[in-house]
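First listed ligand is number 1; within each ligand, the first listed atom is number 1.
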Amino acid sequence: TFKKFPEDFIFGGATAAYQVEGATREDGRGPCAWDDYMNRPGSRFTADPASDFYHKYKEDLQLSHDFGVNGIRISISWTRILPEGKGAINQAGIDYYNDLINECIKQGVEPFVTLHHFDTPLPFFNNGHWLNRDLIDYFVDYAKICFENFGDRVKKWATFNEPWSIPQNGYIAGNFPPHKQFDMPSAIQMMHIMMVAHAKAVNLYKSMNLPGQIGIVHTLEGKVAMTDKPEDIHARDLDDAMANRFMLDACFHGGYDDETMALINEILEKNDGKLVTYPEDFEEFKKAAEQIDFLGMNYYSSHFLQAHDGESMIYNNSTGEKGTSVFALKGVGARVCNPEVPTTDWDWPIYPVGMYNQLKRIARDYPNYKTIYISENGMGYKDDFIDGKIDDTPRIEYVTQHLEYILKAVAEGVNVKGYYIWSLMDVLSWSNGYNKRYGLFYVDYNDQKRYPKKSAYWYKLMTERKEIV
Ligand code: BGP
């Protein structure tokens, strides 16, 4: 097995503004897509105070420093900078991120900053969300403000976090706002529009001659055919085209491959949809594909696909009651349980070789990727807190298995330069709440105290030895 990390490897921890900051009404922040939904009567949980990172970031960065974490993914909340999404800048928002970024640098924890991590400004969300092309230029305007204010110190920028999760969860599975289901045509359309926004932001950044890199964070779910029957293999290809290839093609090929489009068109036809694009979109794609500096890859799980002829059906397991998930899409396929593969309590198959397969496919099919950062990977687990101690051995095992496959890919020539565990400290899980924990540091949500888990001590040792321990 592969144990040794490259000398300059980043051992990071990941967060996202909405999941850690809390303080959603402080210092002039405007509402985002999630606020109304989270604050509705009867809501199971809210984003206040989450992990109170808005006030406790110094403590979290001190802990990062002390435990060998030398990189942190943060995201900027668009509505702290522009409370209405556009128009007047909120100086308190600029000040907050300046202080946060400076503190990261002071502690030797390099910031990797995402511009959009699911938290679209509420007025835009209510006005068509990413189906509305007006958002493209509003996003680029917001990106410009961030580049101008923080671009002298931030050396790693991502335009979007997981642009697949926004339509998949919001328009197909129904567990993200606006809770629509089975609308594959809208999902595909909004991915295209987000890719135009991404490309324009990359092209803008590159024209500004700032001293850093820019890329995007994609979630690259593995797709595996349940059997070698042609119809199951085809279901895998359809799901893979929609979830992975469509946007990878846009980002790295500068347009959609014919084979990808044939699969996408098949999904659109079976669901009475159509994709609208403009020639200038592809000009932006081409320019950005030549200039993009890196791919951020999030990987948690793979799906096992079977052909599915019927209507769409989904049940989201958002409580951690193992074995309750259902996921079948008309014109695509069904994700089924593979009894030979273990799962988390939320029914996510634990399949580390799927991460290796995705790394190899990037190197093969998108050889201009330049650098890959594993921008998220980790295990949702119901940690037991006993006398201030948290033994999260299953998480250590999960991460070890994935790291071994990353290092195998590195040994075979894939250029992976860092790993950001999801998550640095326990955070709000968008559709699951607070019992699904991922952190190296346990957060007691009663008093916001932090406690290093067994995995934090293990991570520290690994960063010191630069090898899997
Ligand atoms: C990714 C997101 C993160 C995070 C993670 C874990 O999709 O980028 O924000 O939430 O998944 O997912 P969950 O919280 O649903 O378990």
Mind listing the N or O contacts between ligand 1 and protein, cut-off under 3.5 Å?
residue: ligand 1; atom: 7 (O); partner: E162; partner atom: OE1; Å: 2.4
residue: ligand 1; atom: 7 (O); partner: E162; partner atom: OE2; Å: 3.0
residue: ligand 1; atom: 8 (O); partner: H117; partner atom: NE2; Å: 3.3
residue: ligand 1; atom: 8 (O); partner: N161; partner atom: ND2; Å: 2.9
residue: ligand 1; atom: 8 (O); partner: E162; partner atom: OE2; Å: 3.4
residue: ligand 1; atom: 8 (O); partner: E376; partner atom: OE1; Å: 3.2
residue: ligand 1; atom: 8 (O); partner: E376; partner atom: OE2; Å: 2.9
residue: ligand 1; atom: 9 (O); partner: Q19; partner atom: OE1; Å: 2.7
residue: ligand 1; atom: 9 (O); partner: H117; partner atom: NE2; Å: 2.8
residue: ligand 1; atom: 9 (O); partner: W430; partner atom: NE1; Å: 2.9
residue: ligand 1; atom: 10 (O); partner: Q19; partner atom: NE2; Å: 3.0
residue: ligand 1; atom: 10 (O); partner: W430; partner atom: NE1; Å: 3.4
residue: ligand 1; atom: 14 (O); partner: S429; partner atom: OG; Å: 2.5
residue: ligand 1; atom: 15 (O); partner: N432; partner atom: ND2; Å: 3.2
residue: ligand 1; atom: 16 (O); partner: K436; partner atom: NZ; Å: 2.6
residue: ligand 1; atom: 16 (O); partner: Y438; partner atom: OH; Å: 2.5

Can you give me every donor-acceptor pair (side chain of residues 170-181, partner residue at least two apart or in another chain, under 3.5 Å) with its distance?
residue: Y171; atom: OH; partner: H129; partner atom: ND1; Å: 3.2
residue: H179; atom: ND1; partner: G174; partner atom: O; Å: 2.9
residue: Q181; atom: NE2; partner: A173; partner atom: O; Å: 2.9

Contacts table for residues 187-196: side-chain donor-acceptor under 3.5 angstrom, sequence neighbours left out:
residue: Q189; atom: OE1; partner: V276; partner atom: N; Å: 2.8
residue: Q189; atom: NE2; partner: V276; partner atom: O; Å: 3.0
residue: H192; atom: ND1; partner: Y256; partner atom: OH; Å: 2.8
residue: H192; atom: NE2; partner: D281; partner atom: OD2; Å: 2.7

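No side-chain heavy atom of K382 sits under 4.5 Å from any side-chain heavy atom of R437.
Side-chain atoms of Y18 and D35 include a donor-acceptor pair closer than 3.5 Å.
Residues meeting the ring pair (Phe, Tyr, Trp, His ring centres under 6.0 Å) test with F327, sequence neighbours left out: none.
Centroid-to-centroid, the aromatic rings of F112 and F294 come within less than 6.0 Å.
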